[in-house]
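Here, residue 1 is the first one in the sequence, and each next residue gets the next number. Side-chain atoms are counted along with the backbone in the values below, which use heavy atoms only and exclude waters and symmetry mates. Keep in mind that this is a model prediction, so the values were computed, not measured.
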Amino acid sequence: MYRKSMIGVAVGALLLAGCGKQAEAPTATAPDASATVPAPASDHAFDPAITAADFAELTRTLASDEFEGRGPGSVGEERTVEYIRAQMQRIGLQPGNGDSYFQEVPMVETTADPATRLSIKTGDQTLDLAFGSDMVVGTRTGEPRVSVRDSEMVFVGYGVDAPERGWNDYAGQDWTGKTVVMFVNDPGFHSNDEKLFDGRKMTYYGRWTYKFEEAARKGAAAALIVHDTPGASYGWEVVRNSWSGPQYDLPTSDDPDPRLPVQGWITADVARKLFASAGLDLDEAYRKAGKPGFKPVPLKATLSVDLNSTTTRKTSRNVVGVLPGASRADEAVLYMAHWDHLGKHEGEGDTIYNGAVDNATGVAGILEIAEAFASQEQRPERSVVFLAVTLEESGLLGSRYYVAHPTFPLEKIAGVINLDAMSVAGRSRDFVVTGIGSSELEDILKPIAAMQGRRLEGEASVQSGFYFRSDHFNFAKAGVPALYAKGGNDLVEGGKAAGKAASEAYAGNYHQPSDEFDPSWNLDGVVEDLEALHAVGRELAGGDRWPNWYEGNPFKATRDRMMQTRQPATAPAAAQ
């Protein structure tokens with residue numbers, strides 16, 4: 001799982017709020033052709049209904065050693081995508097990408113030279129910053145060499161431009177060629193002001209990914225985030241380790257949004273020296289940046305850097321199946337889960353990262369829901385798309401590619417439901433909606449959960465922004481309402497104490513070879529979760545609702561524009 005929450009509260013600390021080491025990228029060479037044969041089919045007889053036995057069979061198979069940890073670009077990928085395709089065919093889904101079940105996903109691997117130095121000139125002094133100890137930087141351009149010379153540095157507070165909140169840290173300047181310096185998290189976080197943004201609950205604008213994207217949209221040459229442990233919710237060592245080694249992105253030809261030539265982080269100590277050289281106090285800067293009406297502040301400094309990187313182009317595959325709608329096949333509801341995990345590593349002992357919970361359970365879940373849809377006596381009015389994406393562990397790249405190249409126009413997708421790391425601890429009294437309060441999809445889920453005797457709850461670590469760390473987020477950014485919900489922590493058997501114990505037990509298995517299928521799992525809760533999420537999609541696919549984001553959500557304006565321009569469209573080839 002890439003930078004997001006797990007089963008319960010204990011895992012929030014484990015993930016360190018989302019700057020963990022990314023998975024290895026796909027290998028550049030194609031696997032042996034003999035490895036493309038899918039795993040032998042079992043003699044398991046699948047039931048049309050959602051059952052624990054079927055879910056267990058799918059999860060066990062995908063998490064077996066034979067699939068070698070489902071590493072993109074490996075023998076494990078070939079077996080995985082062929083198995084998923086075979087299951088989609090068995091269920092009766094049609095190819096979801098023209099006449100193919102596969103969508104090829106290109107990517108670029110970029111590794112910055114750790115010998116890189118960053119120079120900041122302030123008056124008669126020069127700060128010579130070392131990679132790793134003082135700063136970390138990289139490029140999203142895919143270029144092997146990037147240079148920035150004498151770029152004017154400006155402090156832009158939290159680097160937020162949020163029209164719906166009446167907040168713009170960039171107002172009144174031309175940012176072309178400048179270097180922006182900003183704080184992590186939201187304006188309300190460090191000030192503890194619950195009335196400012198969402199207080200300590202991280203919004204989209206608090207994510208470091210947003211801050212770099214916004215700086216690129218403004219035309220900046222470089223952007224640096226000032227690290228602080230409370231605001232980031234992880235220490236500097238996490239930043240250092242995450243930005244050392246390969247970083248992954250889509251080629252610019254497939255993701256044409258503006259990109260920064262140079263982006264990265266500086267330590268709090270470096271920031272304090274930089275601000276002091278401009279006659280500013282860092283603590284006072286935090287106070288001023290967290291107040292409405294903040295104006296950008298020149299730092300009386302310039303930045304120069306020569307960034308050398310090694311780059312490699314590689315590919316992987318998404319798997320897409322579709323159940324065509326009966327009367328409005330050009331409209332769709334989309335279920336998704338990521339199939340990839342960490343593959344296998346050299347060494348002694350167990351070296352296969354089976355990824356049973358993360359995320360064989362999610363893939364098994366969407367296949368179970370697909371079979372339930374396909375077994376309905378009457379087909380739903382809208383099409384239902386089932387998308388198993390790659391490269392989630394490498395930066396949500398498979399879903400980002402799909403959003404850039406959708407098989408259904410995004411304006412024709414009524415909603416997205418994401419399954420990632422399902423709870424295998426038994427039935428719960430609560431249903432955890434990550435990012436609760438986001439969209440009207442929750443209005444559909446709430447009465448369904450109530451019929452199961454359950455209540456909707458938000459995730460425990462609201463300051464960590466887990467909603468922005470799983471594949472549905474790429475759809476959200478594009479305006480499509482997305483729901484990310486799973487079993488909660490208040491277990492029917494054992495209550496919150498049992499839920500906490502289950503979370504802590506899984507925390508030791510997260511991204512370890514020990515994340516393996518366990519026949520003793522209590523899957524009653526998974527079945528209940530899948531039935532509820534199936535019911536959400538059934539209501540959407542069988543009706544004419546177009547859910548939107550709640551008022552004040554940063555993605556609502558995009559959805560509103562999408563709905564205004566939505567035109568009747570002919571059905572995709574797979575849905576004819």
Side-chain angles (χ1 to χ4, degrees), residues 2 23 26 30-31 35-39 41 46 58-59 61-64 66-107 250 314-324 332-341 343 355 358-371 373-374 383-394 396-408 413 416-420 470-472 474-475 572-575:
Y2 174 78
T36 63
V37 179
F46 286 92
L58 293 164
T59 303
T61 303
L62 287 163
S64 66
E66 187 174 15
F67 285 69
E68 299 188 358
R70 304 190 304 280
S74 70
V75 169
E77 164 163 349
E78 295 301 312
R79 291 175 177 165
T80 300
V81 298
E82 288 293 342
Y83 179 77
I84 296 171
R85 177 197 56 76
Q87 292 302 314
M88 288 182 174
Q89 286 182 317
R90 175 188 63 78
I91 290 167
L93 303 184
Q94 294 186 13
N97 186 28
D99 59 359
S100 177
Y101 288 94
F102 300 125
Q103 181 184 53
E104 187 170 283
V105 180
M107 64 169 293
L250 297 179
K314 302 178 179 181
T315 62
S316 186
R317 285 181 287 178
N318 293 332
V319 191
V320 196
V322 61
L323 183 68
V333 176
L334 187 145
Y335 285 89
M336 69 183 309
H338 75 90
W339 62 255
D340 64 300
H341 200 54
D358 179 20
N359 186 35
T361 59
V363 177
I366 66 170
L367 291 173
E368 276 292 274
I369 291 173
E371 185 141 25
F373 269 108
S383 296
V384 188
V385 179
F386 298 91
L387 173 64
V389 295
T390 185
L391 294 166
E392 190 267 3
E393 303 285 6
S394 299
L396 315 183
L397 297 186
S399 57
R400 193 194 308 175
Y401 184 83
Y402 183 90
V403 168
H405 304 275
T407 59
F408 271 80
I413 298 177
V416 170
I417 300 171
N418 182 33
L419 279 65
D420 196 351
S470 189
D471 284 302
H472 64 274
N474 284 315
F475 287 88

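- Of all non-hydrogen atoms in A360 and L62, the two that sit nearest each other are CB-CB, 3.9 Å.
- Residues passing the side-chain contact (heavy atoms from CB on, under 4.5 Å) test with E104, sequence neighbours excluded: T315.
- S399 pairs by the side chain to side chain donor-acceptor pair (under 3.5 Å) definition with D471, N474, not counting sequence neighbours.
- Atom CD1 in I417 sits 9.0 Å away from atom CZ in F386 (nearest 0.5 Å).
- The nearest pair of heavy atoms linking Q87 to L367 is CB-CD1, 4.0 Å.
- Using modelled atom types, one side-chain atom of S64 and one backbone atom of T61 make a donor-acceptor pair closer than 3.5 Å.
- Not one N or O on the side chain of R70 forms a donor-acceptor pair closer than 3.5 Å with the backbone of T80.
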Report task. Run the numbers on V384 and Y335 for side-chain contact (heavy atoms from CB on, under 4.5 Å), then give the verdict. Result -> CA-CA 8 Å; V384 188; Y335 285 89; 3.8 Å; yes

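- At a threshold of 4.5 Å between non-hydrogen side-chain atoms, the residues V320 and V385 count as touching.
- Between the side chain of N359 and the backbone N or O of H338, at least one donor-acceptor pair lies under 3.5 Å.
- A salt bridge links R317 to E78: at least one charged side-chain nitrogen sits closer than 4.0 Å to a carboxylate oxygen.
- Between the N97 side chain and the F102 main chain, a donor and an acceptor come within less than 3.5 Å of each other.
- Residues G96 and V322 come closest through the heavy atom pair CA-CG1, 4.1 Å.
- In this structure, I84 and Y101 have side chains that are not in contact, with every pair of non-hydrogen atoms separated by 4.5 Å or more.
- Residues satisfying the side chain to side chain donor-acceptor pair (under 3.5 Å) criterion with Y402, sequence neighbours excluded, are T407.
- With rounding to the nearest 0.5 Å, the separation of CG in L391 from CE in M107 is 5.5 Å.
- Contact of the M336 side chain with the V389 side chain is registered, since non-hydrogen atoms from C-beta on lie closer than 4.5 Å.
- With a 4.5 Å cut-off on side-chain heavy atoms, L323 and Q94 do not count as touching.
- Here the side chain of E77 pairs a donor or acceptor atom with the backbone of G73 at under 3.5 angstrom.
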Report task. Using the side-chain contact (heavy atoms from CB on, under 4.5 Å) rule, take F475 and N418 through it: C-alpha gap first, then chi angles, then the decisive distance, then the call. Result -> CA-CA 10 Å; F475 287 88; N418 182 33; over 6 Å; no

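- With sequence neighbours left out, T390 forms a side chain to side chain donor-acceptor pair (under 3.5 Å) with S316.
- With hydrogens and angles disregarded, no donor-acceptor distance shorter than 3.5 Å links the side chain of S470 to the backbone of H472.
- Between T59 and A364, the shortest heavy-atom distance links the atoms OG1-CB, 3.3 Å.
- Atom-to-atom distance recorded for T361:OG1 and L58:CG is 11.5 Å, nearest 0.5 angstrom.
- Residues forming a side chain to side chain donor-acceptor pair (under 3.5 Å) with N318 (at least two apart in sequence, or on another chain): Q103.
- Going from atom CD of E392 over to atom CG of D420 covers 5.5 Å, rounded to the nearest 0.5 Å.
- Between W339 and Y83, every side-chain heavy-atom pair lies at or beyond the 4.5 Å cut-off.
- Scanning for salt bridge (charged side-chain N to carboxylate O under 4.0 Å, His left out) contacts around E371 gives R90, with sequence neighbours left out.
- Cation-pi geometry between R79 and F67 is not met: the NZ or CZ atom fails to fall both under 6.0 Å from the ring centre and inside 45° of the normal.
- Between P324 and S383, the shortest heavy-atom contact is CA-OG, 3.5 Å.
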